Participant: 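To start, I am sharing the structure in question, which I have written as structure tokens.
Just so we're clear, the structure is a prediction, and the values are computed from it rather than from any experiment.
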Amino acid sequence: MPIFCLTGPESTGKTTLAKALAAHFGGVWVAEYAREYVENLGRNYGFRDVCRIAREQIRQLNEAGKSGEKFIFFDTDLIITKVWFEHCYKKTPLFVENYLKNTPVDCYLLCFLDIKWENDAVRENGTEQQRQFFFKWYKNEIEKTGKSYYIIKGKEKKRLQNAINSVDLFLK
């Protein structure tokens with residue numbers, strides 16, 4: 001039962017791809033918990049909020065490993081949260097660092113910035129420079145895990161087909 005995680009800068013199609021991949025492969029899509037949490041917070045988030053988000057992401061990952069589902073596609077995980085900690089607070093809790101050393105994610109699909117950024121209530125980093133900066137940072141963090149990853153490019157159907165091809169390649 002492979003666990004895939006879609007990651008990348010804001011507004012790069014992670015949610016759309018995760019849902020489409022789960023449908024295509026007959027798997028499960030796990031929604032981005034951070035988005036849900038922040039949208040319902042009713043105030044600006046703080047360090048403790050990001051810790052709560054990280055703990056829930058860990059719980060979701062642990063549960064996924066026990067689920068018996070054929071495929072699981074996470075819409076983001078602790079890598080984005082780690083970068084969020086470092087970028088906003090200049091520190092990462094040890095429990096996040098430790099969990100990432102043994103993450104159950106089998107393969108990352110890193111979404112490239114070839115989709116136009118769209119503003120919404122929780123997005124913060126929409127300039128081209130910011131998006132490139134975070135893309136490189138996410139790539140570096142994925143590489144630190146030693147896990148397989150593929151960079152997903154293209155628009156709409158081409159992007160989905162590239163993601164499907166990457167999952168198929170990983171499974172071989």
Participant: Within a 6.0 Å radius of atom NZ on K153, are there more than 12 heavy atoms belonging to other residues, nucleotides or ligands?
Facilitator: no
Participant: Using 0.5 Å steps for rounding, measure from the CG atom of N162 to the CD1 atom of I152.
Facilitator: 6.5 Å
Participant: For K90, enumerate each residue passing the side-chain contact (heavy atoms from CB on, under 4.5 Å) test, keeping only those at least two apart in sequence or located in another chain.
Facilitator: none
Participant: Check the hydrophobic clustering (I, L, V, M, F, W, Y; side-chain heavy atoms under 4.5 Å; chains of links allowed) and say if F134 and Y150 are grouped together.
Facilitator: no
Participant: Please round to the nearest 0.5 Å and tell me the distance separating atom CG of N62 and atom CD of Q57.
Facilitator: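 Interatomic distance, N62 CG to Q57 CD, rounded to 0.5 Å: 12.0 Å.
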Participant: How would you list, by chain and number, every residue that makes a side chain to side chain donor-acceptor pair (under 3.5 Å) with E69, sequence neighbours excluded?
Facilitator: none
Participant: Can you name the side chain to side chain donor-acceptor pair (under 3.5 Å) partners of E143, sequence neighbours left out?
Facilitator: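 Testing E143 for side chain to side chain donor-acceptor pair (under 3.5 Å), a comparison that skips the adjacent residues, returns K139, Y149.
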Participant: Is there any side-chain hydrogen bond (donor to acceptor under 3.5 Å, both in side chains) pair reaching into residues 41-55, and which pairs are they, with sequence neighbours excluded?
Facilitator: Y37-D49, Y37-R52, R43-D49, Y45-W84, Y45-E124, D49-R52
Participant: In this structure, would L21 and M1 fall into the same cluster of hydrophobic residues linked by side-chain contacts under 4.5 Å?
Facilitator: no
Participant: Can you list the residues that meet the ring-ring contact (aromatic ring centres under 6.0 Å, His included) rule with F95, with sequence neighbours excluded?
Facilitator: none
Participant: Under the side-chain contact (heavy atoms from CB on, under 4.5 Å) rule, collect the residues that match up with P104, sequence neighbours excluded.
Facilitator: I3, L61, Y99
Participant: Among residues at least two apart in sequence or on other chains, which ones pass side-chain contact (heavy atoms from CB on, under 4.5 Å) with Q60?
Facilitator: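 Only V30, Y33, E56, F74 meet the side-chain contact (heavy atoms from CB on, under 4.5 Å) criterion with Q60.
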Participant: Of all residues at least two apart in sequence or in a different chain, which pass the ring-ring contact (aromatic ring centres under 6.0 Å, His included) check with F71?
Facilitator: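 In terms of ring-ring contact (aromatic ring centres under 6.0 Å, His included), with neighbours along the sequence ignored, F71 is linked to F25.
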Participant: First locate atom CH2 of W29, then atom OG1 of T16, and finally report the distance between them rounded to the nearest 0.5 Å.
Facilitator: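 Taking CH2 in W29 and OG1 in T16, the distance rounds to 9.5 Å.
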Participant: Any chance you could measure T103, atom OG1, to Y108, atom OH, to the nearest 0.5 Å?
Facilitator: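 Between atom OG1 of T103 and atom OH of Y108 there are 4.0 Å.
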Participant: Residues in side-chain contact (heavy atoms from CB on, under 4.5 Å) with K70, at least two apart?
Facilitator: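 K70: no side-chain contact (heavy atoms from CB on, under 4.5 Å) contacts found.
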Participant: Tell me whether the centres of the aromatic rings in F170 and F4 are closer together than 6.0 Å.
Facilitator: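 Here the rings of F4 and F170 have centres that are less than 6.0 Å from each other.
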Participant: Mind checking the CD1-SG spacing from I80 to C5? Nearest 0.5 Å is all I need.
Facilitator: 7.0 Å
Participant: When hydrophobic residues are tied together by side-chain contacts of less than 4.5 Å, even through go-betweens, does F112 share a cluster with L6?
Facilitator: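 In one cluster with F112: L6, no.
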Participant: Using the rule that two of Ile, Leu, Val, Met, Phe, Trp, Tyr join whenever any of their side-chain heavy atoms come within less than 4.5 Å, decide whether L17 and L110 are in one cluster.
Facilitator: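 No, no single cluster joins them.
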Participant: Go through the structure and list residues passing side chain to side chain donor-acceptor pair (under 3.5 Å) with E97, not counting sequence neighbours.
Facilitator: K82
Participant: Distance-only, no hydrogens or angles: does the R159 side chain make a donor-acceptor pair with backbone N or O of D114 under 3.5 Å?
Facilitator: no
Participant: With clusters built from Ile, Leu, Val, Met, Phe, Trp and Tyr whose side-chain heavy atoms come within less than 4.5 Å, directly or transitively, what are the remaining members of the cluster of L94, listed by chain and number?
Facilitator: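 Direct or chained contacts put L94 with none.
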Participant: Check the orientation of Y89 and F47. Use parallel for under 30°, tilted for 30 to 60°, and perpendicular for over 60°.
Facilitator: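 If you compare the ring of Y89 with that of F47, the planes turn out perpendicular.
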Participant: Starting from L113, can I reach I142 by hopping between I/L/V/M/F/W/Y residues whose side chains sit under 4.5 Å apart?
Facilitator: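 Yes, same cluster.
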Participant: Who passes side chain to side chain donor-acceptor pair (under 3.5 Å) against Q161, sequence neighbours left out?
Facilitator: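 Per chain and number, Q161 pairs via side chain to side chain donor-acceptor pair (under 3.5 Å) with N165.
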Participant: For the CZ atom of F85 and the CG atom of L78, what is their distance to the nearest 0.5 Å?
Facilitator: 8.5 Å
